[in-house]
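Here the structure is laid out as structure tokens; the discussion comes afterwards.
Numbers for residues simply follow the sequence, beginning at 1.
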Amino acid sequence: MKPARGASLAAAPIGAASRPAIAGWLLFDLAAQPWFTLVTTFVYGPYFVSAIAASPADGQAWWGLATGIAGAIIAVLSPVLGAVADAGGRRKPWIFGFSLAVVIGALMLWWGRPGDEAAVLIVLTAFVIGTVGVEFATVFTNAMMPDLVPTEKLGRLSGTGWAVGYVGGLITLVIVLGFIAARPESGETLFGLTPILGLDPATHEGDRASGPFTAIWYVVFILPLFLFTPDGRKKATLRASVGIGFRELVATVRDLKHYRNAFTYLIAHMTYTDGLVALFAFGGIYGTGVFGWSTIEIGIFGIWLTIAGTIGAVIGGRFDDLLGPKPVVLTAIALLIVSAVGILSVDRSHILFVVETVPSDAVDGLFASVPEMAYMLLGGLIGAAAGPLQSASRTLLVRVAPRDRLTQFFGLFALSGKLTSFMGPFAVGLLTALSGSQRIGISVLVAFFVVGAVLLVMVRTEAAE
């Protein structure tokens, strides 16, 4: 591998930040996770599919299209922004700007009224704005990692960050389900309470409030990052940084042939991450369509996944430091392949494709049918694998990327996690629309995991030169 221009890994400073600085960085994951947990996956996404869109299949198709549009924007701009940030040296101003997009997008979701055709465009626009904002903010916070801890502790830092994020998702899910969102039929929350602030269950105000709640949560918990976590030193003005950044990005892309190992990893990450993102995005939606789950059932499903993900992230971070990130990622992908195939094998009255059971709508009780119990078990397996997969993936990039272009490569990392997101969710949406079957729509995700694992096997994990 060709040495990076200007600095080597050996010459790079070893991170040794203070505890408040590290805590501020960790709390970014806590701040950002509710966008993925409440909005994308377990509350607002299923609400959009079941109550705003004309049908579950239409909702899944539209949600997939919006995810693809956001992925395309991120794919095009993230490497450019990463290059500019590397040239300028500062990351917090970018995090602040993209955080505004998260807050604006989350607040806009309140106007997604059920059965309102005009609300479809409002919601999808808000979803794209917020998703782009949170993903770009993540690019710049990820690039802070090597300045905080030594290389041998990156796995634990990353794993702890994902675990803290999952805890944030868990807490916010419990708050929304227990005090804010209620079943329209009963008017009661999961805890049997009347929704706070007089939110009307009949018009799904509790589900819609998950957007503004996410905005408030984000603002509160991102503040420590700005207050306590040090930023990089300013290297150039913004105008100069843009010019330098573009030139460096062009040089990096031109020289990717000299960084074949890192390039192979980025392609592998692009492939398996798209499968994971789409599996999470459509897992709750699939449950809504197959079993007729309401926000409460989907939320409990999300709590279960979040608990499993928290445990998995903590354990995965320890194994990352012990064994290295590559074995952790490969093991997680294997578990996701098993889980995805298992989910495809479950419907309202079957498990393992052909084994008949009593239909879920003929059994009284929460998750009382065999297919629902199987779905919950598989969901827990997905959560347990997702935490280590995402945590170890970003520490693996630190090990294979040139240190003096780290933010650029984290931009490419974001691109690699979103480039096929333009195709993956679109493929899910297209297959769902053409077949009228949610199962056929998500079946394509298995291929992403298999191909990603094959490519990852070829990646070397020695330090970047």
Side-chain angles (χ1 to χ4, degrees), residues 30-52 59 103 106-116 119 123 126 130 164-221 283-285 287-289 291-310 360-361 363-369 372-373 375-376 379-380 383:
L30 186 79
Q33 184 60 36
W35 177 268
F36 304 104
T37 302
L38 298 180
V39 175
T40 302
T41 309
F42 298 120
V43 178
Y44 207 97
Y47 159 64
F48 174 82
V49 169
S50 63
I52 299 178
V103 173
L107 291 174
M108 287 175 62
L109 294 174
W110 170 255
W111 282 275
R113 296 180 178 85
D116 183 356
V123 167
V164 169
Y166 277 123
V167 168
L170 176 61
I171 293 172
T172 53
L173 261 178
V174 171
I175 292 173
V176 169
L177 297 178
F179 302 98
I180 298 176
R183 290 187 179 94
E185 300 83 8
S186 65
E188 295 181 347
T189 68
L190 178 63
F191 296 159
L193 303 174
T194 300
I196 63 173
L197 303 177
L199 295 172
D200 183 11
T203 57
H204 292 270
E205 288 187 344
D207 300 318
R208 292 154 53 194
S210 62
F213 176 76
T214 296
I216 295 170
W217 181 276
Y218 186 92
V219 170
V220 170
F221 288 102
I285 291 171
T288 298
F291 300 116
W293 284 351
S294 69
T295 299
I296 300 299
E297 283 84 5
I298 290 293
I300 295 173
F301 178 70
I303 290 173
W304 167 232
L305 260 70
T306 303
I307 292 173
T310 304
S360 58
D361 53 3
V363 179
D364 293 329
L366 194 63
F367 309 119
S369 71
E372 288 176 295
M373 287 188 284
Y375 199 86
M376 289 289 288

Where at least one partner belongs to residues 165-187, residue pairs that pass ring-ring contact (aromatic ring centres under 6.0 Å, His included), sequence neighbours excluded: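 Passing the test, one end in residues 165-187: Phe179-Phe191.
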Once rounded to the nearest 0.5 Å, what's the spacing between atom [atom1] of [X] and atom [atom2] of [Y]?
| X | Y | atom1 | atom2 | answer |
| --- | --- | --- | --- | --- |
| Leu190 | Ile180 | CG | CD1 | 12.5 Å |
| Leu305 | Ile300 | CG | CD1 | 13.0 Å |
| Leu109 | Tyr44 | CG | OH | 5.0 Å |
| Leu173 | Ser210 | CG | OG | 9.5 Å |

Considering only heavy atoms from C-beta outward, does the side chain of Trp110 approach that of Glu205 to under 4.5 Å?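 Sidechains of Glu205 and Trp110: in contact.
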Taking the side chain as C-beta and beyond, is there a heavy-atom pair between Asp116 and Trp111 under 4.5 Å?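 Result no, sub-4.5 Å side-chain heavy-atom pair not found.
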Show me the pairs that pass salt bridge (charged side-chain N to carboxylate O under 4.0 Å, His left out) and involve residues 209-220, at least two apart or across chains.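 Passing the test, one end in residues 209-220: no pairs.
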Residue pairs fulfilling salt bridge (charged side-chain N to carboxylate O under 4.0 Å, His left out) with at least one residue in residues 294-303, sequence neighbours excluded: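 Residue pairs with at least one partner in residues 294-303: Arg183-Glu297.
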Checking the side chain of Thr40 only, and the main-chain atoms of Trp35 only, is there a donor and an acceptor separated by less than 3.5 Å?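 It does hold such a pair.
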Are the side chain of Tyr47 and the backbone of His204 linked by a donor-acceptor contact shorter than 3.5 Å?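 No, because the side chain of Tyr47 does not come within donor-acceptor range (under 3.5 Å) of the backbone of His204.
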Tell me every residue that passes side chain to side chain donor-acceptor pair (under 3.5 Å) with Thr37, counting only those two or more places apart in sequence or in another chain.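 Scan of Thr37 (side chain to side chain donor-acceptor pair (under 3.5 Å), adjacent residues dropped) gives Gln33.
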Under the ring pair (Phe, Tyr, Trp, His ring centres under 6.0 Å) test, residues paired with Phe213 that sit two or more places apart: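 Residues passing ring pair (Phe, Tyr, Trp, His ring centres under 6.0 Å) with Phe213: none at all.
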Using the test ring pair (Phe, Tyr, Trp, His ring centres under 6.0 Å), find all partners of Trp217 that sit at least two apart in sequence or belong to another chain.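 Counting only residues at least two positions away or on another chain, Trp217 forms a ring pair (Phe, Tyr, Trp, His ring centres under 6.0 Å) with Phe221.
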Side chain to side chain contact (heavy atoms under 4.5 Å, CB included), that's the test. Do Val219 and Val103 meet it? Break it down for me. CA-CA 8 Å; Val219 170; Val103 173; 3.7 Å; yes
Closest approach of Val164 to Leu30 (non-hydrogen atoms, all atoms of both residues):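 Nearest heavy atoms, Val164 then Leu30: O-CD1, 3.3 Å.
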Among residues at least two apart in sequence or on other chains, which ones pass side chain to side chain contact (heavy atoms under 4.5 Å, CB included) with [X]?
| X | answer |
| --- | --- |
| Ala308 | Ala384 |
| Leu170 | Val174, Ile303, Thr306, Ile307 |
| Pro195 | Ala182, Thr189, Leu199, Pro201 |
| Trp304 | Met376 |

